[in-house]
Every structure is written in C-alpha cells, then in structure tokens.
Amino acid sequence: MQDSEVTSEHELASQRMLRNLQLVIMLASLSIVVITAGLPIYSTEIGASGFEVGELFSIGALMTAIARPLVGGALDIFGRKPFLLAGIAFIAVSMLLFAFAQDITLLFIASTVQGFGVGTMLLAAYAITADLTMANGRAGSFGGTEQSQYRGGLYGGMLAIPILFLTGFNTQGQLRITPLAWALIFIVYAAVAVAALIIAFIAMRETYSTVVRHETHPAPAPRQKISSQLYVLMAIVAITSASTSGIAPFILKFIQDHITQDVAMIALAYLPASIAWGFLPSKMGVIADRFGRKLPMAVGLIISGVFSAVIPFLTTIFPLMVFATVEAVCYSAAVPAEQAMVADMTGGQQRGIGFGLYTLGMSAGRVAGPLVMGWLYDQLRAGPFLANGVILFVGTLLVLFLLRDPAGQRKVALPTLTGNDS
C-alpha cells in the first residue's frame with residue numbers, strides 16, 4: 001500500500017511538472033506561426049529572392065544541426081533544466097532581433113539565434129517529457145508537448161491580427177506585413193518569452209537526477225548501446241524533413257503568386273490547420289499508444305505527399321484550406337508517434353543523446369531542403385511540390401518496410417499520463 005501511494009504521488013508530481021513544461025513551451029512559441037507563414041511574405045516585401053527565402057529557413061536549421069549532438073549528450077551529463085532555460089533565453093533575444101530586422105542581413109542573424117534557441121528548448125523538452133511518462137502513455141504525452149508549441153503559435157497569430165489590422169494596410173487597401181507591424185508583433189513576443197523564462201526558472205525542477213529510479217528496473221540498468229533502428233529512423237527523418245521543410249516557405253509564395261496576395265485570406269485558409277495543431281496532438285498521440293508507432297507515421301507522410309502534389313493545381317483558397325487541415329490532423333498523430341518511438345529506443349540514461357541524434361536528422365534535412373527547393377522554385381514553380389510528393393511516398397515505404405516498431409507487438413493499455421489540455 002505504501003509503495004502504491006509513493007507511485008501515485010510520483011505520477012501526480014509528474015503530471016504537474018508536465019503541465020508546467022507545456023505552459024512554458026506555449027509561451028516561448030508564440031512566434032512559430034508568424035515566422036513560418038509571415039517570414040516568406042515579409043522577406044519578399046523587403047526584396048528577398050526565392051533562394052534567399054530558402055537561406056533564411058536553412059540558416060537557423062544549420063546552427064541547430066551543429067549544436068544538437070553536443071546538447072543532446074550534455075543533457076545526459078548536466079541535466080535538462082539548464083538547457084531548457086538557455087533555449088528560452090535565446091528565443092527571447094531572437095524576438096528582439098526580428099523586431100528590428102528591416103534588411104536581409106539582420107533577418108539572417110535573427111533566424112540563426114531563433115533556430116538555435118528553439119532546437120535547444122525542444123530537445124530539453126523532449127527529454128523531460130520522456131523522463132516524466134511511462135511507455136504506455138508516452139505518445140499521448142509527447143502529443144501534449146508538441147501541441148503546446150503549436151497552440152502557442154496559434155495564440156501568437158491571434159495576437160498579431162489586431163496589430164496587422166492597425167498598421168498593415170497599404171494605400172490600395174490591401175493588408176501587408178509592414179516593417180512597423182512586424183516590429184510591434186515581435187516586441188510583444190519578446191516580452192512573453194521573457195515571462196516564459198521566469199516561469200521555467202521558478203516552476204521547473206530537474207528531472208534527470210531522478211529518472212533512473214523510476215524506470216522499470218529495480219536498480220539503474222547498465223548503459224545500453226544506441227539501437228541501430230534509431231539511425232534508420234534518423235535517416236528517414238532527414239530525408240522527409242528536407243522535403244517538407246523545403247516546400248514550407250514556398251507554399252506561401254506560390255499562393256501569393258498564383259491565388260491571392262491578401263494576407264487576411266491566406267491566414268483564414270490556414271486557421272483550421274492551426275487549430276488542429278493547437279488542440280489535437282495530445283489526443284491523436286493516443287493512437288500510437290494503442291496501435292503502435294508506424295501506422296500514424298506512414299499515414300501522415302502519405303497524406304502530406306498527396307497535399308503537396310495537388311498544390312500546383314489549386315486556383316482558389318478553399319481547397320487549400322481543406323488539404324492543409326487534413327494534413328494537420330494526420331501529422332498531429334504522426335509526430336508524437338515518431339517522438340515516442342525515439343523514447344522507446346532509448347533508456348533513461350540515453351534519452352538526451354537519443355533525441356539529439358533524432359533531431360540532428362531533422363535539422364540536417366531542414367538545412368538542405370529550403371536551399372534545394374528554393375533553387376527549384378526559381379526554375380519551375382510547381383517543381384518543389386511535385387518533388388515533395390514523390391519523396392514522401394518513398395518515405396512512407398521506408399517507414400513500413402525498414403522500421404521495427406518497439407510498441408507494435410504488444411497490447412497497450414490506455415495511457416495513464418497523456419499531458420492533454422496543456
């Protein structure tokens with residue numbers, strides 16, 4: 001009875017800590033939607049070419065790719081909290097740099113700092129989430145952590161709307177991202193990121209120092225070798241993230257070039273997808289806890305590939321809204337499944353380096369993808385979208401036939417800690 005009471009107290013404490021983590025991630029992530037959707041538009045407004053837009057997205061990913069193996073290993077030596085705090089601090093600084101960026105050079109610097117900060121923060125957050133959850137509720141908990149990032153982006157987008165409407169109309173009555181609107185938006189984001197840093201310092205405790213005691217082994221298990229399957233997953237993630245991140249900036253450019261230049265209409269088209277990302281991952285992650293990790297990963301890739309392939313043939317906003325929403329729903333199940341698979345493959349003593357390798361693959365893809373797709377977009381407008389469709393189809397086959405699912409061969413109970421409603 002006494003042991004069960006201790007276990008119950010530990011689970012309750014873990015739930016509270018996970019909610020604190022998700023709050024901090026949400027507050028530090030207000031800029032994610034505006035950077036993803038607004039940076040290609042704003043940089044074009046100040047004269048950036050397609051290749052330069054690709055460089056903007058690649059430069060931050062490059063710094064993240066360089067740092068992540070070092071940060072991942074350091075998480076298993078120095079703990080999680082220092083890197084969580086450092087990541088949020090870098091994000092706050094980058095928000096100020098974005099606020100005053102009115103030329104390509106300063107945008108490059110801001111993107112570099114922001115990419116390093118987000119990568120460090122999320123890497124620590126993934127390790128903390130794995131520390132705080134049991135295997136049978138792991139994907140749901142990762143869904144809650146992932147969801148908090150996108151929910152923050154949704155709220156950040158909502159904060160940006162009144163600023164845009166007050167300062168973004170040009171003389172023709174069209175809504176634009178003006179330098180004044182851009183600066184005001186990111187000053188607000190910087191202030192909230194500082195608040196997130198203060199909350200994290202006060203409310204988050206170190207989780208690595210106690211994680212080994214709460215693993216399934218009665219005593220600390222000997223350090224294991226990294227599973228070879230993690231390297232397979234890392235390669236698949238590198239290929240698919242290069243493709244998907246490579247087209248992300250150019251979807252917005254394509255819409256402006258071929259469908260509409262009205263920022264309000266573009267925002268409306270992506271609103272349902274943003275809501276899906278902000279509220280579904282913690283619930284959709286349960287799918288991976290019940291049916292294994294591979295199914296949601298494969299479905300997410302193939303749906304995204306279909307969406308990409310039809311983009312060049314769109315002529316109105318409504319079909320874009322439908323496809324983007326369906327893709328968001330599928331990926332809200334796929335991403336937590338992917339992260340839970342990494343946690344399944346690594347023990348408590350190696351989660352930092354495990355997630356470091358996983359996110360290294362993701363970051364490496366994000367470095368190359370925008371550059372290649374930016375060049376391809378300058379040659380042929382439909383090229384990046386068709387190429388992405390083919391690559392994601394191949395990625396689906398790799399997931400189905402090369403990956404072994406650690407959770408796929410066992411029956412899994414309902415998760416005891418889902419981390420939803422962050």
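Being a predicted model, the structure only gives us computed values, none of them experimental.
Residues Gly361 and Ser241 come closest through the heavy atom pair O-OG, 3.9 Å. In terms of heavy-atom proximity, Val34 sits nearest to Gly157 at CG2-CA, 4.4 Å. When every heavy atom of Ala181 is checked against every heavy atom of Leu164, the shortest pair comes out as CB-CD2, 4.0 Å. Taking every heavy atom of both residues into account, Ile91 and Ala28 meet most closely at CG2-O, 3.5 Å. The heavy-atom pair separating Ala190 from Ala92 by the smallest distance is CB-O, 4.0 Å. Between Ile88 and Ala200, the shortest heavy-atom distance links the atoms CD1-CB, 4.0 Å.
With a 4.5 Å cut-off on side-chain heavy atoms, Val24 and Asn20 do not count as touching. Residues Leu403 and Leu398 are not in side-chain contact: their nearest non-hydrogen atoms beyond the backbone lie 4.5 Å or more apart. You'll find the side chain of Leu159 stays beyond 4.5 Å of the side chain of Tyr155, heavy atoms only. For the pair Thr145 and Ile128, the minimum side-chain heavy-atom distance is 4.5 Å or more. Side-chain contact between Leu21 and Leu84: present, with at least one pair of heavy atoms (C-beta onward) separated by less than 4.5 Å. Contact annotation: the side chain of Leu154 never approaches that of Ile32 to less than 4.5 Å [non-hydrogen atoms, C-beta and beyond]. Side-chain contact between Gln114 and Met95 is present, with at least one heavy-atom pair separated by less than 4.5 Å. Gln147 has its side chain out of reach of Pro336: every pair of non-hydrogen atoms, C-beta onward, lies at least 4.5 Å apart.
With rounding to the nearest 0.5 Å, the separation of CZ in Arg151 from CE in Met26 is 7.5 Å. Atom CZ of Phe83 and atom CG of Leu123 lie 9.0 Å apart (nearest 0.5 Å). Within the model, atoms CG of Asp131 and OH of Tyr126 stand 15.0 Å from one another, a figure rounded to the nearest 0.5 Å. In this structure, the separation between CG on Leu400 and CE on Met297 is 9.5 Å, given to the nearest 0.5 Å. To the nearest 0.5 Å, atoms CG (Leu402) and NZ (Lys294) are separated by 8.5 Å. The CE atom of Met341 lies 10.5 Å from the CG atom of Leu230; values are rounded to the nearest 0.5 Å.
Side-chain atoms of Arg80 never come within 3.5 Å of backbone atoms of Glu206 as a donor-acceptor pair (strictly under, hydrogens ignored). For the pair Ser243 (side chain) and Ile239 (backbone), a donor-acceptor distance under 3.5 Å is absent.
Relative orientation of the Trp182 and Phe98 rings is perpendicular, given thresholds of 30° and 60° on the angle between their planes. Classification of the Tyr189-Phe186 ring pair by plane angle, with boundaries at 30° and 60°, yields perpendicular.
Geometrically, Lys81 engages Phe201 in a cation-pi contact, judged by NZ or CZ lying under 6.0 Å from the ring centre and within 45° of the ring axis.
When each of Glu338, Met234, Met345 is checked for a side-chain contact (heavy atoms from CB on, under 4.5 Å) with Tyr358, only Glu338 meets the rule.
Applying the side chain to side chain donor-acceptor pair (under 3.5 Å) rule to Ser94 yields no partners; only residues at least two apart in sequence or on another chain are considered.
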What pairs of donor and acceptor atoms, side-chain ones from residues 300-309 against any protein atom, are under 3.5 angstrom apart with sequence neighbours left out?
| unit_1 | atom_1 | unit_2 | atom_2 | d |
| --- | --- | --- | --- | --- |
| Ser304 | OG | Glu327 | OE2 | 2.6 |
| Ser308 | OG | Phe385 | O | 2.6 |
| Ser308 | OG | Asn388 | ND2 | 3.1 |

Which donor-acceptor pairs under 3.5 Å do the side chains of residues 100-112 make with protein atoms, sequence neighbours left out?
| unit_1 | atom_1 | unit_2 | atom_2 | d |
| --- | --- | --- | --- | --- |
| Asp103 | OD1 | Thr105 | N | 3.1 |
| Asp103 | OD1 | Leu106 | N | 2.9 |
| Ser111 | OG | Leu107 | O | 2.9 |
| Thr112 | OG1 | Phe108 | O | 2.8 |

